Amino acid sequence: MRPFKAAMFCFMLMIGCDDNDNQNNRTKFEGVLFTDQSGSPLGYMGDRDRSDWQHDGVIKMEVLELLDFDSHVDITKTSLSEVKVRAFPNPCAYVAMVYFSLTEDAFVKLIVVNEDMEVLFKKSFIGTEEVMIDVADRNKFPSNEIVRVYYSVSSHDNPNFYVGHGDIWICENDCDF
């Protein structure tokens, strides 16, 4: 009977490890680029992520699937464009702004996700736009957490020609750093 109890004990320990395994499946966001109210860089928190707010070149299929939401936007008159992306202020307590500067009308999709890859915000549009992301809801955007913005820029004949990401640190009230 002892070997059976020992086997059951080991089995129960293995089942109990599932929560830790799920936490290991979380995506860890690090390397936040701090910016002031106008988007000027102030430095980094953590290891510098040189691709923050830049063109990543490729993006994971999992992220592309999250970006594949219905937008009800006609993209037939869109074209390739140069793209610049800025986010400010970072960190932020209430509102994060993500500014997309395009030289031509192109189609932009963006999502904001937490480390569990849960979509917290999404938006699509054509052309240059400043996107306001309300992060004041602490149930969705807990203080001292980092969220990630993924974006894709497409044209009629060139899907996802510019893809990237950037991290935003959510702080409580005044963001002292």
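Sequential numbering from 1 along the given sequence is applied to the chain's residues. The structure displayed is predicted, hence computed values, not measured ones.
For the side chain to side chain contact (heavy atoms under 4.5 Å, CB included) test, no residue two or more places apart in sequence or in another chain qualifies with Lys77. Residues passing the side chain to side chain donor-acceptor pair (under 3.5 Å) test with Thr128, sequence neighbours excluded: none. Residues forming a ring-ring contact (aromatic ring centres under 6.0 Å, His included) with Tyr162 (at least two apart in sequence, or on another chain): His55. Legend: residues meeting salt bridge (charged side-chain N to carboxylate O under 4.0 Å, His left out) with Glu145, ordered by chain and number and at least two apart, are absent. A search for salt bridge (charged side-chain N to carboxylate O under 4.0 Å, His left out) contacts involving Asp52 returns nothing, not counting sequence neighbours. Scored by the salt bridge (charged side-chain N to carboxylate O under 4.0 Å, His left out) test, Glu118 finds no partners at all (sequence neighbours excluded). Applying the side chain to side chain donor-acceptor pair (under 3.5 Å) test to Tyr99 and every residue at least two apart in sequence or in another chain returns nothing. Checked against side chain to side chain donor-acceptor pair (under 3.5 Å), Asp105 has no partners two or more places apart in sequence or in another chain. Annotation: salt bridge (charged side-chain N to carboxylate O under 4.0 Å, His left out) contacts of Arg86 (sequence neighbours excluded): none.
Ser152 and Asn160 are linked by a side-chain donor-acceptor pair at a separation below 3.5 angstrom, with hydrogens and angles left out of the test.
The shortest side-chain heavy-atom distance between Met117 and Tyr150 falls under the 4.5 Å cut-off. When side chains are defined from C-beta on, His156 does not count as touching Ser79, because their heavy atoms never get closer than 4.5 Å. Looking only at side-chain heavy atoms (C-beta outward), Tyr151 and Lys109 stay at 4.5 Å or farther from each other. Counting only heavy atoms from C-beta outward, the side chains of Val83 and Ser101 never approach each other to under 4.5 Å. Here the side chains of Leu80 and Glu104 are not in contact, with every heavy-atom distance at 4.5 Å or above. Val98 is listed as a side-chain neighbour of Ile133, based on a closest heavy-atom distance under 4.5 Å.
Taken to the nearest 0.5 Å, the OH atom of Tyr94 stands 12.0 Å off from the CD1 atom of Ile170.
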Scan the side chains in residues 57-75 for donor-acceptor partners under 3.5 Å anywhere in the protein, sequence neighbours excluded, and list what turns up.
| residue | atom | partner | partner atom | Å |
| --- | --- | --- | --- | --- |
| Asp74 | OD1 | Thr76 | N | 3.1 |
| Asp74 | OD1 | Thr76 | OG1 | 2.9 |
| Asp74 | OD2 | Thr76 | OG1 | 3.3 |

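Counted within 6.0 Å of CG on Asp47, heavy atoms from surrounding residues, nucleotides or ligands total 12 or fewer; the atom is thus considered open. Around atom CD of Glu82, no more than 12 heavy atoms belonging to other residues, nucleotides or ligands sit under 6.0 Å away.
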Steps toward side chain to side chain contact (heavy atoms under 4.5 Å, CB included) verdict (Ile146, Val32): CA-CA 8 Å; Ile146 298 171; Val32 178; 3.6 Å; yes
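Sorted by first then second residue, the ring pair (Phe, Tyr, Trp, His ring centres under 6.0 Å) pairs that include residues 121-144, not counting sequence neighbours, are Phe100-Phe125. Among pairs with a residue in residues 123-137, those fulfilling salt bridge (Lys or Arg N to Asp or Glu O under 4.0 Å) read Lys123-Glu129, at least two apart in sequence or across chains.
Ion pair Arg148/Glu115 not flagged as a salt bridge, since none of the NZ, NE, NH1 or NH2 atoms sits closer than 4.0 Å to an Asp/Glu carboxylate oxygen.
With hydrogens and angles disregarded, no donor-acceptor distance shorter than 3.5 Å links the side chain of Ser155 to the backbone of Ala106.
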